[in-house]
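I have placed the structure first, in the form of structure tokens, so that the comments after it can refer back to it.
When a residue number appears, it is its place in the shown sequence, counting from 1. The structure presented is a predicted model; accordingly, all values stated were derived computationally and were not measured.
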Amino acid sequence: MSEDELFALADELADDDYVSGRRPFPRPLLVDEAADLALALSFEVDRGAAARAQAAARKPTRIAAICPGHSIAKKPRITAKGV
């Protein structure tokens, strides 16, 4: 999948009706499309985390905190409509 096709698919999937669940996406995603989207997303998250780490190294500050009552040992609950 080309970068342009990937961005076009991501833009299409970002439609408010699809995101909110008001309307189903009109076709199933191909496994390769989903894999390409996941890879691109993980790359962007890694890039953002690296930039955040570099900023923190330049100016040591606390950039994250655990909310009171939250345990790191707890797994986040992830739900999806219809799953």
Side-chain angles (χ1 to χ4, degrees):
M1 173 176 272
S2 75
E3 191 172 286
D4 288 341
E5 291 170 324
L6 184 65
F7 285 130
L9 178 59
D11 284 344
E12 190 177 0
L13 287 167
D15 182 280
D16 286 342
D17 286 339
Y18 302 142
V19 172
S20 67
R22 285 189 297 264
R23 228 176 50 179
F25 194 63
R27 65 174 179 81
L29 284 181
L30 301 174
V31 171
D32 287 345
E33 291 173 324
D36 288 346
L37 283 169
L39 183 62
L41 179 59
S42 69
F43 174 77
E44 291 301 322
V45 169
D46 290 347
R47 196 167 66 113
R52 186 176 185 188
Q54 288 175 348
R58 285 192 301 273
K59 182 181 175 191
T61 63
R62 192 161 100 187
I63 60 173
I66 301 295
C67 297
H70 180 79
S71 169
I72 294 174
K74 291 181 184 175
K75 289 186 179 180
R77 185 171 161 219
I78 301 172
T79 61
K81 186 176 180 179
V83 175

Got L9 and D36 here, is their nearest side-chain heavy-atom distance under 4.5 Å?
no
Specify the closest pair of heavy atoms between L13 and Y18, including all atoms of both residues, with the distance to one decimal.
O-CB, 3.9 Å
Closest approach of A14 to V19 (non-hydrogen atoms, all atoms of both residues)
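Closest pair (atom of A14, atom of V19, distance): O-CG2, 3.6 Å.
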Is the number of heavy atoms from other residues, nucleotides or ligands under 6.0 Å of E3 CD greater than 12?
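No, CD of E3 has 12 or fewer neighbouring heavy atoms, counting only those of other groups under 6.0 Å.
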Greater than 12 external heavy atoms within 6.0 Å of F7's CZ:
no
Verify the cluster assignment for L41 and L29: are they in a single hydrophobic cluster under the rule of side-chain heavy atoms below 4.5 Å apart?
no
Let me check something: do L39 and L6 share a hydrophobic cluster, defined by ILVMFWY side-chain heavy atoms less than 4.5 Å apart, either directly or through other members?
no
Distance, nearest 0.5 Å, that separates CE of M1 from CG of L30
7.5 Å
Restricting to pairs with a member in residues 4-16, which pass side chain to side chain donor-acceptor pair (under 3.5 Å), not counting sequence neighbours?
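Side chain to side chain donor-acceptor pair (under 3.5 Å) check on residues 4-16 returns S2-E5.
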